[in-house]
Amino acid sequence: MTLKPSILLRVFIPFALGYFLSYLYRTVNAIIAPDLVRDVGVDPASLGLLTSAYFLAFAAFQLPLGVLLDRYGPRRVEASLLLFAAAGAFIFARAETLGGLMLGRALIGLGVSACLMAAFKAFTLWFPVERLPLANGIQMISGGIGALAATTPVELFLKITDWRGVFLVLSGITVTAAICVFLVVPEKEGTHSGESLREQISGIRLIFNSRTFWGIAPWAVTAQAAYLSIAGLWSGPWLRDVASHDRMSLANTLMGVSLAMIIGYFTFGSVAERLARRSIRPMTVASVGMLCFIGVQCLLVVQWTSFTLQLWLLFGFFGTSCILPYAVLSQSFPRHLSGRANTGLNLMVFVAAFSAQWVIGLIINLWPQTSSGGYDPAGYSTGFGLIVVLQVAGAAWYFISSASSKKPLQGHE
């Protein structure tokens, strides 16, 4: 399949802008957490709940989103939802209470819930299946740039304004992104599904009854939950309380993590595509990366602070391998089910990310604050350690399922 460069740009750039904003919203609280604690007076558990409200709203809309994407196409769905994100950012900027902040955060989560899945759906419409790992990896780079923007650039911007001003600016940019997606993304024949609602619901049932889906999902879900919950919030407090970083050092380290993410998304996407030509399956590449990711987290659990920067760079790099299972699922189901297959996985990922981010905060809150006003390092080790155990269980399930089926869990069923 050969596409004109102008069409490629019209497909990639608007969705990249949307996902840039999605990831910026997702991770910005790691930088502004001290300001939220100071201005609103939240404890660790409330901070975790507030930040994870994004994940809960995001997850709650995934199954309806899959139906909408397969029925109406990615362009219209994402453009409409981004307006909710803009409204949420405005409410967050103006809120004076924890409840108001949670409402704004939830609306942001709802509004950006299509940013990645809409792009993945568009790619299945425009690109051949063997190119999906690379296309998805390139899309994820925009998320890494969003995470990058949420670090040192936000910290520097906070010297000009406060966190409320940051969210007012983000609200305006999000409206612009919605307009860009609606006006720039081309329509594609086959965008709109001719299935009835009953047939679409039956498609969801088919996915959730799939051996391939359930063989891959537990590990993919726990790994993504770790990546999203830690990078999106608890990485910042960990660097402050365990590694004794000041705010600028913390922001610079997180900027390095974001750069590692950008490199990782491109590396794993391109490697998966190249090795697929040699009959090495994308899930094999994902497994190697996700095992390395578990190893890095184990070193964070034991708080190997002599290599703080290196550990967090590796966290950012190997965590990106968790995105490959989405391409595997896109390749494992017919195109008209691709939106529902990916949003089905995303539903579980973001419920788990919500739970992980909140539970880590609850665990940290079991220890009293330190004399400097920070959180006890033992709380981080316990919380992060629990997440590692769940990933190990998910990995064991994948390998046992693969062995019992006598072939890797992927491919058309």
Side-chain angles (χ1 to χ4, degrees), residues 10-23 55 57-85 108-129 131-132 135-136 138-140 142-143 174 177-178 180-208 210 213 217 220 224 323 325-351:
R10 289 176 62 193
V11 172
F12 268 111
I13 291 178
F15 289 121
L17 176 58
Y19 195 54
F20 165 88
L21 289 169
S22 175
Y23 228 105
F55 293 135
F58 196 114
F61 199 65
Q62 287 304 296
L63 290 184
L65 174 62
V67 172
L68 291 172
L69 288 173
D70 286 336
R71 190 173 184 86
Y72 297 109
R75 168 179 158 266
R76 298 181 184 183
V77 173
E78 178 165 344
S80 300
L81 286 173
L82 281 172
L83 296 177
F84 286 91
I108 291 170
L110 170 65
V112 300
S113 63
C115 288
L116 185 60
M117 297 297 100
F120 285 1
K121 176 64 179 180
F123 299 162
T124 64
L125 294 173
W126 287 97
F127 306 140
V129 293
R131 290 297 182 93
L132 292 180
N136 290 356
I138 292 173
Q139 169 68 11
M140 295 302 296
S142 64
T174 307
C180 179
V181 169
F182 188 77
L183 295 180
V184 176
V185 175
E187 286 289 343
K188 172 75 172 178
E189 183 181 351
T191 294
H192 309 292
S193 170
E195 294 177 294
S196 66
L197 181 59
R198 176 177 293 182
E199 288 172 330
Q200 289 190 299
I201 294 173
S202 177
I204 296 174
R205 189 179 303 115
L206 175 66
I207 290 161
F208 279 99
S210 163
F213 183 89
Q224 278 276 78
I323 202 66
Y326 288 97
V328 172
L329 290 179
S330 293
Q331 295 169 337
S332 301
F333 294 95
R335 283 191 179 187
H336 73 280
L337 291 175
S338 60
R340 279 161 284 180
N342 277 333
T343 55
L345 178 62
N346 227 29
L347 164 66
M348 299 171 64
V349 164
F350 279 86
V351 168

Peer 1: Could I get the full list of side chain to side chain contact (heavy atoms under 4.5 Å, CB included) partners for Ala79, not counting sequence neighbours?
Peer 2: Val181, Phe182
Peer 1: Would you mind reporting whether Ser113 and Phe84 have side-chain heavy atoms less than 4.5 Å apart?
Peer 2: no
Peer 1: Mind checking the NZ-CG spacing from Lys121 to Leu68? Nearest 0.5 Å is all I need.
Peer 2: 12.0 Å
Peer 1: Quick one, Cys115 and Leu82 - any side-chain contact, counting heavy atoms below 4.5 Å?
Peer 2: yes
Peer 1: Search all heavy atoms of Ile108 against all heavy atoms of Ala85 and return the closest pair with its distance.
Peer 2: CG1-O, 3.8 Å
Peer 1: Using the side chain to side chain contact (heavy atoms under 4.5 Å, CB included) criterion, which residues pair with Ile204? Sequence neighbours excluded.
Peer 2: Leu63, Val67, Phe208, Arg340
Peer 1: Please name the pair of heavy atoms, one in Ala341 and one in Leu329, separated by the smallest distance, quoted to 0.1 Å.
Peer 2: O-CD1, 4.1 Å
Peer 1: Quick one: ring pair (Phe, Tyr, Trp, His ring centres under 6.0 Å) partners of Phe350, sequence neighbours excluded?
Peer 2: Phe55, Phe58
Peer 1: List for me each residue that meets side-chain hydrogen bond (donor to acceptor under 3.5 Å, both in side chains) alongside Thr174, sequence neighbours excluded, and say none if there are none.
Peer 2: Tyr25
Peer 1: Report yes if the side chains of Pro186 and Val11 come closer than 4.5 Å at any heavy-atom pair, otherwise no.
Peer 2: yes
Peer 1: Within this structure, what is the CD-CD1 distance for the pair Gln139 and Ile323, rounded to the nearest 0.5 Å?
Peer 2: 9.5 Å
Peer 1: Using every non-hydrogen atom in the two residues, find where Met117 and Leu65 come nearest and quote the distance to one decimal.
Peer 2: CB-CD2, 4.2 Å
Peer 1: Can you confirm whether Arg71 sits close enough to Val77 that some side-chain heavy atom of one is under 4.5 Å from a side-chain heavy atom of the other?
Peer 2: no
Peer 1: For Phe12, what residues pass the ring pair (Phe, Tyr, Trp, His ring centres under 6.0 Å) criterion, not counting sequence neighbours?
Peer 2: Phe123, Phe127
Peer 1: Among all residues two or more places apart in sequence or in another chain, which pass the side-chain hydrogen bond (donor to acceptor under 3.5 Å, both in side chains) test with Asn346?
Peer 2: Gln62, Tyr326
Peer 1: Within this structure, what is the CZ-CG distance for the pair Arg10 and Leu183, rounded to the nearest 0.5 Å?
Peer 2: 10.0 Å
Peer 1: Considering residues at least two apart in sequence or located in another chain, which fulfil the side-chain hydrogen bond (donor to acceptor under 3.5 Å, both in side chains) criterion with Tyr19?
Peer 2: none
Peer 1: To the nearest 0.5 Å, what is the distance between CZ (Arg205) and OG (Ser210)?
Peer 2: 14.5 Å
Peer 1: Could you tell me which non-hydrogen atom of Ala118 sits nearest to which non-hydrogen atom of Glu78, and how far apart they are?
Peer 2: CB-OE1, 3.2 Å
Peer 1: Looking at Pro74 and Ala122, what are the two nearest heavy atoms and their distance?
Peer 2: CG-CB, 3.8 Å
Peer 1: Work out which heavy atom in Ala59 is nearest to a heavy atom in Leu347; give both atom names and the distance.
Peer 2: O-CD1, 2.9 Å
Peer 1: Under the ring pair (Phe, Tyr, Trp, His ring centres under 6.0 Å) rule, collect the residues that match up with Phe15, sequence neighbours excluded.
Peer 2: none
